[in-house]
Amino acid sequence: MNEQIFQFLRELRMNNNRNWFQENKTRFDVLRQAFIEEVQQLIDRIALFDPEIAGTEAKSCLFRIYRDIRFSPNKLPYKQHFAAYIAKGGKNSERGGYYLHLEPDNSLLSGGIWCPSPQLLKSLRKDIYDNLDEFVGILENPEFKAVYPSLDGEMLKRMPAGFPADMEHGDILRHKDFCVYTPKPDEFFFQEDWMDKVIADFRLLQPFNRFLNYTVDNV
């Protein structure tokens with residue numbers, strides 16, 4: 001089914017307009033339902049090593065394909081990917097979770113916290129500073145680093161206020177997000193055991209998410 005999802009998305013990339021989408025709406029609905037079922041399988045398997053995910057419904061984790069173009073210069077009406085953010089509370093949760101992104105030539109797995117609120121970002125930086133050895137140990141774990149080489153996202157040019165400018169690993173605190181990702185080729189998702197491999201990569205994220213969610217729980 002994933003090959004059909006990628007084929008649909010490639011065609012959508014070439015025909016990102018309402019007429020084409022309406023003509024292919026039934027096809028989209030079938031593929032979306034298949035994706036929902038895949039995400040639910042992932043949720044059930046993640047819950048075996050991250051119990052807080054248990055009971056999460058796939059539909060609450062899926063992002064809509066319809067773009068909000070009201071304030072965007074990009075007027076294409078549809079997103080060109082299928083994506084889900086698996087976390088307690090669903091896709092709008094502030095908690096660290098597990099992100100699956102299917103897009104031709106641009107697929108990835110990711111985890112952590114993206115675009116935290118200013119209050120949460122301040123708290124995350126403080127907790128990372130106070131427990132720096134533990135956090136660095138998670139990032140530098142060889143198994144983890146082999147899949148997720150470094151933190152992703154925008155960074156401040158200078159150290160945020162309240163932290164020593166010359167501190168070791170200070171670049172970590174300059175991050176505006178605390179997330180990591182690993183790119184995947186399209187063919188990765190065509191393999192019979194693709195879900196086993198996704199689960200193996202997601203399992204590596206659990207200590208990272210657990211560290212971040214300790215802060216979320218105490219903000």
Side-chain angles (χ1 to χ4, degrees), residues 43 46-47 49-54 56 60-61 63 68 71-74 81 83-101 103 106-184 198-219:
I43 289 170
I46 291 169
F49 59 82
D50 189 345
E52 79 163 41
I53 300 299
T56 301
S60 73
C61 300
F63 292 94
D68 184 350
F71 308 108
S72 173
N74 179 356
H81 58 263
Y85 184 61
I86 299 170
K88 183 180 179 181
K91 64 179 180 292
N92 295 319
S93 175
E94 277 202 303
R95 303 183 70 76
Y98 308 85
Y99 179 67
L100 170 66
H101 182 102
E103 180 179 359
N106 193 36
S107 295
L108 59 91
L109 305 177
S110 180
I113 295 178
W114 181 261
C115 291
S117 66
Q119 180 184 3
L120 178 55
L121 177 57
K122 183 177 180 180
S123 296
L124 286 166
R125 284 175 172 152
K126 183 180 185 306
D127 283 353
I128 289 171
Y129 177 76
D130 290 343
N131 302 276
L132 188 60
D133 288 346
E134 180 184 352
F135 192 68
V136 170
I138 292 170
L139 296 180
E140 295 298 324
N141 178 285
E143 251 191 312
F144 183 92
K145 198 172 181 64
V147 179
Y148 306 103
S150 62
L151 288 173
D152 187 35
E154 294 185 35
M155 297 175 66
L156 298 173
K157 292 182 179 179
R158 297 192 179 104
M159 184 69 74
F163 300 102
D166 59 349
M167 65 170 282
E168 188 177 10
H169 303 297
D171 57 312
I172 291 175
L173 298 187
R174 292 193 291 114
H175 277 269
K176 297 181 181 180
D177 316 285
F178 292 101
C179 60
V180 293
Y181 82 98
T182 178
K184 299 295 182 186
V198 169
I199 289 297
D201 286 354
F202 277 169
R203 186 186 294 272
L204 295 172
L205 290 170
Q206 197 270 339
F208 181 65
N209 285 331
R210 182 180 57 204
F211 183 103
L212 299 173
N213 286 334
Y214 178 86
T215 302
V216 176
D217 288 335
N218 288 280
V219 171

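Treat the numbers as computed from the prediction; the structure is a model and nothing was measured.
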May I ask you to check whether over 12 heavy atoms, not counting those of Asp217, lie within 6.0 Å of atom CG?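 Result for CG/Asp217: enclosed.
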Using the rule given for side chain to side chain contact (heavy atoms under 4.5 Å, CB included), can you reason through Leu109 versus Tyr98, listing the C-alpha separation, both sets of side-chain angles and the distance that settles it, and then say yes or no? CA-CA 8 Å; Leu109 305 177; Tyr98 308 85; over 6 Å; no
Output the distance between atom [atom1] ([X]) and atom [atom2] ([Y]), rounded to the nearest 0.5 Å.
X: Asp201; Y: Leu100; atom1: CG; atom2: CG; result: 11.5 Å
X: Ser123; Y: Asp130; atom1: OG; atom2: CG; result: 10.5 Å
X: Ile86; Y: Asn209; atom1: CD1; atom2: CG; result: 11.0 Å
X: Asn141; Y: Tyr148; atom1: CG; atom2: OH; result: 12.5 Å
X: Asn213; Y: Ile113; atom1: CG; atom2: CD1; result: 5.5 Å
X: His175; Y: Arg125; atom1: NE2; atom2: CZ; result: 10.0 Å

Over 60° means perpendicular and under 30° means parallel, so tell me whether [X] and [Y] are parallel, tilted or perpendicular.
X: Phe63; Y: Tyr99; result: perpendicular
X: Phe135; Y: Phe178; result: perpendicular
X: Phe208; Y: Phe144; result: tilted

Over all heavy atoms of both residues, which pair between [X] and [Y] is shortest? Give the atoms and the distance, please.
X: Ser93; Y: Lys88; answer: OG-O, 2.9 Å
X: Ala83; Y: His101; answer: CB-ND1, 4.2 Å
X: Cys179; Y: Trp114; answer: SG-CE3, 3.1 Å
X: Leu132; Y: Met167; answer: CD2-CE, 3.6 Å
X: Asp171; Y: Met155; answer: O-CE, 3.3 Å
X: Ile199; Y: Phe49; answer: CG2-CE2, 4.0 Å

Do the non-hydrogen side-chain atoms of [X] and [Y] ever get within less than 4.5 Å of each other?
X: Ser60; Y: Lys91; answer: no
X: Asn106; Y: His81; answer: no
X: Ile172; Y: Leu139; answer: yes

Regarding Asp50 and Arg210, does a basic nitrogen lie under 4.0 Å from an acidic carboxylate oxygen?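 Judged by the 4.0 Å cut-off on N to carboxylate O distance, Asp50 and Arg210 do not form a salt bridge.
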Closer than 3.5 angstrom, by distance alone: can the side chain of Tyr129 be matched with the main-chain N or O of Leu173 as a donor-acceptor pair?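 Between the backbone of Leu173 and the side chain of Tyr129 there is no qualifying donor-acceptor contact (under 3.5 Å).
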Given side chain to side chain contact (heavy atoms under 4.5 Å, CB included), test Lys176 with Leu156 step by step and report yes or no. CA-CA 7 Å; Lys176 297 181 181 180; Leu156 298 173; 3.7 Å; yes
Test Asp177 against Asp152 for side chain to side chain contact (heavy atoms under 4.5 Å, CB included), laying out the working first. CA-CA 7 Å; Asp177 316 285; Asp152 187 35; over 6 Å; no
